[in-house]
Number of protein chains: 2
Amino acid sequence: MRVTTQRVEIFREVASSCEHPDAETVYERVKERLPNISFDTVYRTLASLEDMDMIFRVDSMLPKARFDADRRPHNHFLCVKCGEVYDIFPEDGYEVKIPENSKKFGEIKDVNLQVRGICNKCRH
Amino acid sequence: MRVTTQRVEIFREVASSCEHPDAETVYERVKERLPNISFDTVYRTLASLEDMDMIFRVDSMLPKARFDADRRPHNHFLCVKCGEVYDIFPEDGYEVKIPENSKKFGEIKDVNLQVRGICNKCRH
DNA sequence: ATACTTAATAAGAATTATTCTTAATAAGGT
DNA sequence: ACCTTATTAAGAATAATTCTTATTAAGTAT
C-alpha cells in the first residue's frame with residue numbers, strides 16, 4: 001500500500017472533520033489543495049481506507065455514503081428529516097447489548113446502533 | 001390512499017417473504033401476476049408503504065434498498081461478505097439500551113441495531 | 001542519485017439504482 | 001354509469017458510484 005499525496009490528503013480530510021462528510025464533500029475540499037484530484041480517486045481511496053479500518057462508512061439510509069474517521073466507540077443520531085448525522089458519545093460504562101442469539105447466524109465483527117429521530121434544528 | 005391492485009400485490013409480496021427483498025426482486029415477482037407492472041410503480045409504492053409504516057427499509061450498507069414487512073420487534077444480522085440479511089428475534093425481555101444522552105440531539109423516533117459479521121454460509 | 005517496476009492516478013465513459021415526466025388508466029365517490 | 005383525480009406504464013433522466021485506459025509517481029533496486 002503506497003503512501004500517496006492523494007491518500008494522505010483524503011485521510012486527513014475525513015479525520016479532521018466531525019461532520020461525517022460524503023465523497024463529494026471530501027472531493028471538493030481536497031481539491032483546494034490538490035486541484036487535479038479526480039472523483040474516482042476519492043471513491044477508491046475512501047474504499048481502501050475503509051478496508052484498512054482507518055475510516056468507517058456511516059449508515060445513513062440516504063443515497064450518499066458518509067464517512068467517519070473517529071475510532072472512539074460511539075453511536076449516531078440520524079435526523080430522518082434533514083439527514084444530518086450527530087455523534088453520540090455514550091456515558092462511561094455504556095455498552096451496546098445485543099440479543100443472545102445473534103451469534104447463531106455467524107461470526108460477529110461489529111455492532112451498529114443508530115438512533116433515528118427529528119433533530120433539534122428541524123424541530124425549530 | 002386508493003387501494004390499487006398494484007399496491008395490494010406489492011405489499012403482499014414483501015409481507016409474504018422473509019428474505020428482505022429489494023425493489024428489483026419485488027418487481028420480478030409481482031410481474032408474474034401483473035405482467036404490465038412498471039419499475040416506477042414498485043419504487044413509488046414501496047416508498048408509500050414505508051411512509052405508512054407498513055414496511056421498513058433495511059439498512060444494508062449495500063447499494064440496493066431492501067424491505068421488510070415484519071412488524072414484530074427484531075434486529076438484523078448483516079453478512080458483510082455476501083450481503084445477506086438475517087432476522088434476529090431477541091429472547092423475551094430483551095430491549096435495546098441506548099446511551100442516556102441520545103435524546104439531547106432531538107426527538108427519538110426509532111432505534112436501529114444491526115449486528116455485522118460473516119454468516120455461517122460464508123464461513124463454509 | 002538514477003533507473004525500474006508496478007501500483008495508483010486523472011479523465012471521462014459506463015453502470016446501477018432510483019426518480020422524474022407525461023399521457024393514459026382506473027378507484028372510489030357522485 | 002359518470003366524473004374527478006390519484007395512480008399507473010413507459011421510457012427518459014438523474015445521481016452516485018464504478019470502470020477503462022493511458023499516464024504518472026512511489027518505493028525499490030541499481
Side-chain angles (χ1 to χ4, degrees), chain A residues 1-14 19-52 54-68 78 80-85, chain B residues 1-14 19-52 54-68 78 80-85:
Chain A
M1 168 68 79
R2 293 184 183 170
V3 178
T4 65
T5 318
Q6 290 89 339
R7 282 181 177 161
V8 172
E9 288 301 325
I10 289 167
F11 176 68
R12 286 197 354 178
E13 193 51 55
V14 179
E19 323 160 21
H20 318 89
D22 58 29
E24 192 176 359
T25 304
V26 173
Y27 170 75
E28 298 295 353
R29 297 205 184 139
V30 170
K31 204 183 170 100
E32 290 170 17
R33 276 164 278 146
L34 305 177
N36 290 324
I37 190 109
S38 73
F39 237 113
D40 177 59
T41 296
V42 173
Y43 276 103
R44 201 166 11 79
T45 303
L46 289 170
S48 306
L49 293 170
E50 190 190 10
D51 284 345
M52 296 161 64
M54 291 178 69
I55 64 173
F56 304 95
R57 204 171 283 260
V58 178
D59 233 338
S60 76
M61 303 277 279
L62 294 169
K64 290 186 178 186
R66 299 179 65 160
F67 298 87
D68 188 351
L78 170 69
V80 297
K81 198 156 186 194
C82 67
E84 194 55 75
V85 177
Chain B
M1 169 66 78
R2 292 182 183 171
V3 178
T4 66
T5 318
Q6 290 89 338
R7 282 180 178 162
V8 172
E9 287 301 326
I10 289 167
F11 175 68
R12 285 199 352 180
E13 193 51 55
V14 179
E19 324 160 22
H20 318 90
D22 58 29
E24 192 176 0
T25 304
V26 173
Y27 170 76
E28 299 294 354
R29 298 207 184 137
V30 169
K31 203 181 172 103
E32 290 170 15
R33 276 164 278 145
L34 306 176
N36 289 324
I37 189 106
S38 73
F39 237 113
D40 178 58
T41 297
V42 173
Y43 276 103
R44 202 168 9 80
T45 303
L46 289 170
S48 305
L49 293 170
E50 190 189 9
D51 284 346
M52 296 161 65
M54 291 177 69
I55 65 172
F56 303 95
R57 204 171 282 258
V58 178
D59 233 338
S60 74
M61 304 276 279
L62 295 169
K64 291 187 177 185
R66 299 180 64 161
F67 299 89
D68 188 352
L78 170 68
V80 297
K81 196 154 186 196
C82 68
E84 194 54 77
V85 177

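In what follows, every chain begins at residue 1, and chains take the letters A, B, ... in the order their sequences are listed. In this text, all values refer to a predicted model and were calculated from it rather than measured experimentally.
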Rounded to the nearest 0.5 Å, what separation is found between the CG atom of A:Asp59 and the CE atom of A:Met61?
->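 Between atom CG of A:Asp59 and atom CE of A:Met61 there are 8.0 Å.
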
Short side-chain N/O contact to [N] OP1/OP2 from [X], under 4.0 Å:
X: B:Thr4; N: D:dT8; result: yes
X: B:Thr5; N: C:dA27; result: yes
X: B:Thr41; N: D:dT8; result: no

Considering heavy-atom distances to DNA chain C, does A:Pro35 or B:Arg57 have its closest nucleotide positioned more toward the 5' end?
->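 First, find each residue's nearest nucleotide; the 5'-ward one identifies A:Pro35.
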
Under 4.0 angstrom, heavy atoms only, what part of the nucleic acid is A:Asp40 near: base, sugar-phosphate, or nothing?
->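 Base, at least one base atom sits under 4.0 Å.
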
Under 4.0 angstrom, heavy atoms only, what part of the nucleic acid is A:Arg7 near: base, sugar-phosphate, or nothing?
->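 Sugar-phosphate contact only - A:Arg7 comes under 4.0 Å of backbone atoms but never of a base.
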
Any side-chain donor-acceptor pair under 3.5 Å between B:Thr25 and B:Asp22?
->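 There is such a pair between these side chains.
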
Options [options], nucleotide nearest the side-chain atoms of [X]:
X: B:Val3; options: C:dG28, D:dA26, D:dA10; value: C:dG28
X: B:Arg2; options: C:dT21, C:dA17, C:dA27; value: C:dA27
X: A:Thr45; options: C:dT9, C:dA17, C:dA10; value: C:dT9
X: A:Gln6; options: C:dG28, C:dA10, D:dG27; value: C:dA10
X: B:Arg44; options: C:dA8, D:dT7, D:dG27; value: D:dT7

Rounded distance in Å - NZ (B:Lys31) to C1' (D:dA9) |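 Between C1' of D:dA9 and NZ of B:Lys31: 10 Å.
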
